There are 2 protein chains.
Amino acid sequence: MHQLLKKQILAGEFQEGDLLPSENELSAAHNITRATVRQALEELVKEKYIYKHKGRGSVVSSQRKTLGLLSFRGFSEVAEAAHLTVKTVVLQKPVLVSWEDDFFYPLSKAEKAAGCIFLERLRCADQDPVMLEYTYIPNIGLPDFLQHSLVHDSLFETLHVQYDIEIMNVEQDIRAIAAVAETARQLKLSEGSPVLHIYRRYGTSRKGFYLYSSLFCNTTQYALSNSFDS
Amino acid sequence: MHQLLKKQILAGEFQEGDLLPSENELSAAHNITRATVRQALEELVKEKYIYKHKGRGSVVSSQRKTLGLLSFRGFSEVAEAAHLTVKTVVLQKPVLVSWEDDFFYPLSKAEKAAGCIFLERLRCADQDPVMLEYTYIPNIGLPDFLQHSLVHDSLFETLHVQYDIEIMNVEQDIRAIAAVAETARQLKLSEGSPVLHIYRRYGTSRKGFYLYSSLFCNTTQYALSNSFDS
DNA sequence: GAGTGGTCTAGACCACCTG
DNA sequence: AGGTGGTCTAGACCACTCG
């Protein structure tokens with residue numbers, strides 16, 4: 001029930017900066033305990049949809065879960081907030097391959113045995129290539145993945161819509177390296193230019209199911225932005 | 001009360017991987033409602049001290065809030081988990097200066113007027129310099145800060161112990177750049193080597209009070225690690 | 001089947017903010 | 001002073017895990 005309320009609140013079109021109905025009003029309106037309302041609102045806070053102010057009320061966040069350009073969220077999702085023209089070029093459609101011998105993350109036996117769906121994409125902002133991403137997905141529980149094409153060129157959206165898989169968290173290792181010839185070419189940089197290199201592991205709503213990415217970013221124009229708590 | 005329980009649970013020395021007493025046991029033991037116990041445990045989950053497993057119990061996290069080397073937490077705090085010898089060299093003790101004209105973050109009027117406490121530190125892992133950090137702190141509500149020296153060379157610990165200020169969150173912009181001569185010298189790299197450059201703003205438990213950092217990382221040896229949710 | 005965490009109801013008092 | 005969110009009590013039923 002508190003999941004429902006959560007979605008209704010934001011689907012119910014509140015403007016940025018609006019004050020939400022108070023917890024008492026919400027509980028009365030939905031015939032629900034205040035504890036339940038609080039639980040729903042707490043979720044919204046955690047996901048940065050709203051802020052709470054003691055004695056004042058709850059305010060709809062001005063930037064709903066914007067995490068900044070090139071953050072861990074899908075590229076298009078994030079970059080739009082900054083009003084950029086964004087394009088994703090699929091350089092290599094998903095194909096089934098075997099895992100590299102020295103894969104950058106330890107894999108479970110099940111993952112190794114299943115083989116690896118590989119794809120390669122280039123992300124551009126305002127026509128300029130800014131991010132080259134190699135993605136590796138264990139071929140587990142994804143029937144017909146190779147037959148479909150990506151929904152809106154978005155991997156996350158495809159997983160969500162077709163397989164009901166949601167991205168829950170990310171671990172990443174970030175380094176600054178000198179671009180090798182091939183990377184430099186793709187990002188339209190000169191060889192040896194400094195680029196960000198990131199290894200990522202995405203945790204999903206399916207227990208034990210992870211996605212892996214290796215990505216290269218040209219940060220001369222746009223920085224990688226994070227924000228996190230605690 | 002739930003803050004108290006929170007601390008007692010971990011101060012009460014549970015081993016990594018231990019099962020905590022169940023929520024019912026905890027509530028009985030502390031003469032407290034299960035709702036209150038749950039609130040305390042929820043905090044612990046948020047801070048990655050424990051994991052919960054439905055039907056099984058709550059487990060003490062194997063790596064208590066380890067966020068990886070060079071993560072947003074204080075350097076020493078994080079690096080110790082990786083069993084490295086860690087040293088902080090204070091290159092410039094805290095001094096009061098005026099803000100740079102083109103500061104990397106927009107400042108409030110109050111911040112500008114108060115002036116800026118500046119310090120400069122070099123972090124080393126196993127003798128090798130890995131991170132050069134310039135810190136800028138608005139000189140607001142920090143009496144005698146310049147007179148004391150840092151507690152354990154840790155800025156965060158100093159703020160916590162002396163002024164009861166806790167770090168709550170971080171926003172950061174990350175870029176890969178070529179090291180200029182001075183940076184390269186400090187990090188013992190050759191000029192032009194790729195280094196990570198990060199602008200950070202730390203939010204604190206004091207509303208409206210932020211810390212600012214600009215830092216340069218040599219990532220040839222150690223990567224910057226993150227992990228975050230949602 | 002017994003125990004666990006997940007969710008919910010129906011109240012209560014408090015500190016805080018704003019008019 | 002009145003309303004807000006923060007915290008707490010005292011129950012209840014459920015889905016899940018495990019022996």
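Sequence lines set the chain letters: A, B, ... in the order given, protein chains first and strands last, and positions in each chain run from 1. Given the structure is predicted, the values throughout are model-derived calculations rather than measurements.
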Sugar-phosphate, base or nothing in reach of A:Ser22, heavy atoms under 4.0 Å: sugar-phosphate
Using a heavy-atom cut-off of 4.0 Å across all strands, would you classify B:Leu41 as base, sugar-phosphate, or nothing? nothing
5' precedence on DNA chain D between A:Arg34 and A:Gly55 (nearest-nucleotide basis): A:Gly55
Taking the six-membered ring for Trp and the full ring for Phe, Tyr or His, determine whether the centres of A:Tyr212 and A:Phe103 are under 6.0 Å apart. yes
To the nearest Å, how far apart are [X] [atom1] and [N] [atom2]?
{"X": "B:His53", "N": "D:dT17", "atom1": "NE2", "atom2": "P", "result": "11 Å"}
{"X": "A:Gln39", "N": "C:dG6", "atom1": "CD", "atom2": "C1'", "result": "8 Å"}
{"X": "A:Glu23", "N": "C:dC16", "atom1": "CD", "atom2": "C1'", "result": "14 Å"}
{"X": "B:Asn31", "N": "D:dT7", "atom1": "CG", "atom2": "P", "result": "21 Å"}
{"X": "A:Glu43", "N": "C:dT7", "atom1": "CD", "atom2": "C1'", "result": "12 Å"}
{"X": "B:Lys54", "N": "C:dA2", "atom1": "NZ", "atom2": "P", "result": "21 Å"}
{"X": "A:Asn24", "N": "D:dG2", "atom1": "CG", "atom2": "P", "result": "16 Å"}
{"X": "B:Arg38", "N": "D:dG11", "atom1": "CZ", "atom2": "P", "result": "18 Å"}

Against the six-membered ring of B:Tyr210, is B:Arg201 placed for a cation-pi contact (under 6.0 Å from the centre, within 45° of the normal)? yes
Is the shortest heavy-atom distance from the side chain of B:Leu196 to the side chain of A:Leu196 under 4.5 Å? yes
Any side-chain heavy-atom pair from B:Ile174 and A:Thr219 closer than 4.5 angstrom? no
Have a look at A:Ser213 and tell me which of A:Gln172, A:Glu133, A:Arg200 forms a side chain to side chain donor-acceptor pair (under 3.5 Å) with it. A:Glu133
Reckon [X] has a side-chain N or O less than 4.0 Å from the OP1 or OP2 of [N]?
{"X": "B:Lys52", "N": "C:dT4", "value": "no"}
{"X": "A:Thr36", "N": "C:dT9", "value": "yes"}
{"X": "B:Arg56", "N": "C:dG5", "value": "no"}
{"X": "B:Ser58", "N": "C:dG5", "value": "yes"}

